[in-house]
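In this text the structure is predicted, and so the values were computed from the model without any measurement. Letters A, B, ... are given to chains in the order of the sequence lines, protein chains preceding strands, and every chain is numbered from 1.
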Number of protein chains: 2
Amino acid sequence: MQILDGKKTAKTILNTIKIDVAQRATTGKKVPHLAAILVGANGASQTYVNSKVRTCNEIGFNSTMIEYEEDISEMKLLDKIQELNEDLSVDGILVQLPLPAHISEKKVIEAIAVAKDVDGFHPENIGRMIMGEEEAFVPATPYGIMLLLEHNNITTKGKHAVVLGRSNIVGRPMSILLSNNSNPGNCTVTVCHSKTENLNEICSQADIIVAAIGQAEFLQPEMVKDGAVVIDVGITRIPDDSKKSGYRLVGDVDFDKVAPKCSFITPVPGGVGPMTIAALMKNTYKSCTEKD
Amino acid sequence: MQILDGKKTAKTILNTIKIDVAQRATTGKKVPHLAAILVGANGASQTYVNSKVRTCNEIGFNSTMIEYEEDISEMKLLDKIQELNEDLSVDGILVQLPLPAHISEKKVIEAIAVAKDVDGFHPENIGRMIMGEEEAFVPATPYGIMLLLEHNNITTKGKHAVVLGRSNIVGRPMSILLSNNSNPGNCTVTVCHSKTENLNEICSQADIIVAAIGQAEFLQPEMVKDGAVVIDVGITRIPDDSKKSGYRLVGDVDFDKVAPKCSFITPVPGGVGPMTIAALMKNTYKSCTEKD
């Protein structure tokens, strides 16, 4: 069993970008600039946004962090997005989800200029991804997983991949990317969800399992074939008094029991999480350099 | 074994629209108007466009048929689309594919206003369909298949559907619609393609098979489980001297051998084909009535 070390792979990817950005800076070329908007004081959201902004700083990107109180009006948020859309210095805009209930996530996502939608959530980006168009921004989490597979030379062609979950942000794009005619890709892909019958039987046929349902330790060893590759997208905070933070993070996979059966498995944390950030940075870099 | 009679189901759907359109006409409301563009003299394309325009006439839609020579410039075609986009009387625009090699299908598809893209090929429409948004135009063939399942009360929830083919126009949207949280829908869906290994094994587990690979009589009885529902999207012209036309039409399914094993099966012709046209008319009707 080998750990698919997302932290290490992300570092490699980010380092390549960092070197390139430093070179751009010395030759007077534009340096990528990410604007991140955070609404309210959700602890997990704050952690995510902070770590994205920190990564920008580490690799030489410019970043702008915009924080709003929980009760900001939808209109004011949309106005800010419009301003960032028009700001030529900004290459990527991300609005950390979830948003408070009085703000339409759909409206906010669609307000972001397609060319700056580095999270890849705009319907036009999703459509372009499906059509295999190169200019599309692929949603960061599935893109990060594809990069993780690629950098670790995991064979996917002709393999049977089972994706647990059909969300717009992870499960759905993941299933499309894995079945696309590309490398990584060319998997036979089965999408499972809450209405799936005989889930254990289907999972236990899989060469590759991507678990993205947000249920702590859902995937059990009897659902996993010997030698399978297991990618864990879940991240749930479980109260834990033995930790300074008062909680520990677990994934959708019962890691200790499942890991011994796998050829490769991602840990939580340190697996998909860092890769999501690396993918976001790649998208922002792409948005910037495409304008050269 | 029961035949899923697309001709009959399409007739029922079209008749409902026809009655409604007649009522709209008497009350002075706008009647749907489809503009169809045909480039060159491809026999199959001519047949398809003609039958779409004929259907418009039968159900009281206005239609405009625009024919161009094979050598029309891309620019001229794009100008025409722009004109139709701006023409308030036109609700739907379809450009029959394939186009000659000197014209970019991508450019043409993306030139059509999203709100008039009744074929549902524009990336933004595809993205919206994936996100389950109601305003999306669903590509006509997969939409027609969903209507066929719905009108014939085929249970899909929790069933295992295998989709053969991953094209942007059929296989891909089909797999998404079948796995969406909707009715019909909520299937566990496996997407297979040319790189799939052990295809026979996967197919023979399916409760529902959608064959959309364009290979005449590809699906054989040993790939089909007893009682399966089989949907045949393929349509290939096979030379046949015994026919007046000189050819006969066959699907992706070896119908005579497979049919006895099925609970339901679509014939070719008379299955998915008429449903595609019915779906196109539903999209055009929707485009018109949404503006009421």
Side-chain angles (χ1 to χ4, degrees), chain A residues 105-106 109-110 114 117 120-136 139 156-169 171-173 175-176 178-183 185-199 201-203 205-207, chain B residues 105-106 109-110 114 117 120-136 139 156-169 171-173 175-176 178-183 185-199 201-203 205-207:
Chain A
E105 289 191 356
K106 180 174 182 291
I109 287 169
E110 296 193 4
V114 175
D117 171 39
F121 293 165
H122 193 289
E124 191 175 324
N125 263 319
I126 294 183
R128 289 187 190 283
M129 174 199 66
I130 288 182
M131 298 169 91
E133 293 183 9
E134 292 230 330
E135 68 256 46
T156 58
K157 184 176 166 184
K159 301 295 176 193
H160 188 183
V162 169
V163 176
L164 303 180
R166 55 181 165 179
S167 74
N168 290 332
I169 289 175
R172 185 72 77 198
S175 70
I176 291 161
L178 283 171
S179 64
N180 267 352
N181 188 1
S182 58
N183 182 27
N186 275 319
C187 291
T188 302
V189 177
T190 301
V191 179
C192 297
H193 44 75
S194 56
K195 307 298 191 305
T196 293
E197 294 167 4
N198 57 343
L199 184 63
E201 195 190 323
I202 292 171
C203 283
Q205 293 177 27
D207 302 305
Chain B
E105 289 191 356
K106 180 175 182 290
I109 287 170
E110 297 192 5
V114 175
D117 172 39
F121 293 165
H122 193 288
E124 192 174 323
N125 263 318
I126 294 183
R128 289 187 190 284
M129 174 198 66
I130 287 183
M131 298 168 90
E133 294 182 10
E134 292 229 329
E135 68 256 47
T156 58
K157 183 176 167 184
K159 301 294 177 194
H160 189 183
V162 170
V163 176
L164 303 178
R166 55 179 165 179
S167 74
N168 291 332
I169 289 174
R172 185 70 77 197
S175 68
I176 291 162
L178 284 172
S179 63
N180 268 352
N181 188 2
S182 58
N183 182 26
N186 275 320
C187 291
T188 301
V189 177
T190 301
V191 178
C192 298
H193 44 76
S194 55
K195 306 297 190 307
T196 293
E197 293 166 5
N198 57 343
L199 184 63
E201 195 190 322
I202 291 171
C203 284
Q205 294 176 25
D207 303 305

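Of the listed residues (Cys187(A), Ala161(A), Gly132(A), Ser194(A)), the greatest number of heavy-atom pairs within a distance under 4.5 Å of chain B belongs to Cys187(A). Annotation: maximal heavy-atom pairing with chain B below 4.5 Å, among His160(A), Gln205(A), Lys157(A), occurs at Gln205(A). Put simply, of Thr188(B), Ile126(B), Thr196(B), Val162(B), the one with the most heavy-atom pairs under 4.5 Å next to chain A is Thr188(B). Across Val163(A), Ile202(A), Asn181(A), the residue that shares the most heavy-atom pairs under 4.5 angstrom with chain B is Asn181(A).
Listed by first then second residue, pairs satisfying salt bridge (Lys or Arg N to Asp or Glu O under 4.0 Å) with a partner in residues 126-136 of chain A read Glu124(A)-Arg128(A), Arg128(A)-Glu133(A), Arg128(A)-Glu135(A), Arg128(A)-Glu110(B), Glu133(A)-Lys106(B), Glu135(A)-Lys106(B), not counting sequence neighbours.
Separation of atoms CD1 (Ile130(A)) and CZ (Arg166(B)) is listed at 14.0 Å; rounding is to 0.5 Å.
Looking at Asn198(B), neither its backbone nor its side chain comes within 4.5 Å of chain A, counting heavy atoms on both sides. For a residue to count as touching a neighbouring chain, one of its non-hydrogen atoms must lie under 4.5 Å from one of that chain's; by this rule Asn186(B) touches chain A with backbone and side chain alike. Contact annotation for Asn125(B): neither backbone nor side-chain heavy atoms come within less than 4.5 Å of a heavy atom of chain A. Leu199(B) does not touch chain A: none of its heavy atoms, backbone or side chain, sits under 4.5 Å away.
Across all non-hydrogen atoms, the minimal contact from Arg172(A) to Ile176(B) is NH2-O, 3.7 Å.
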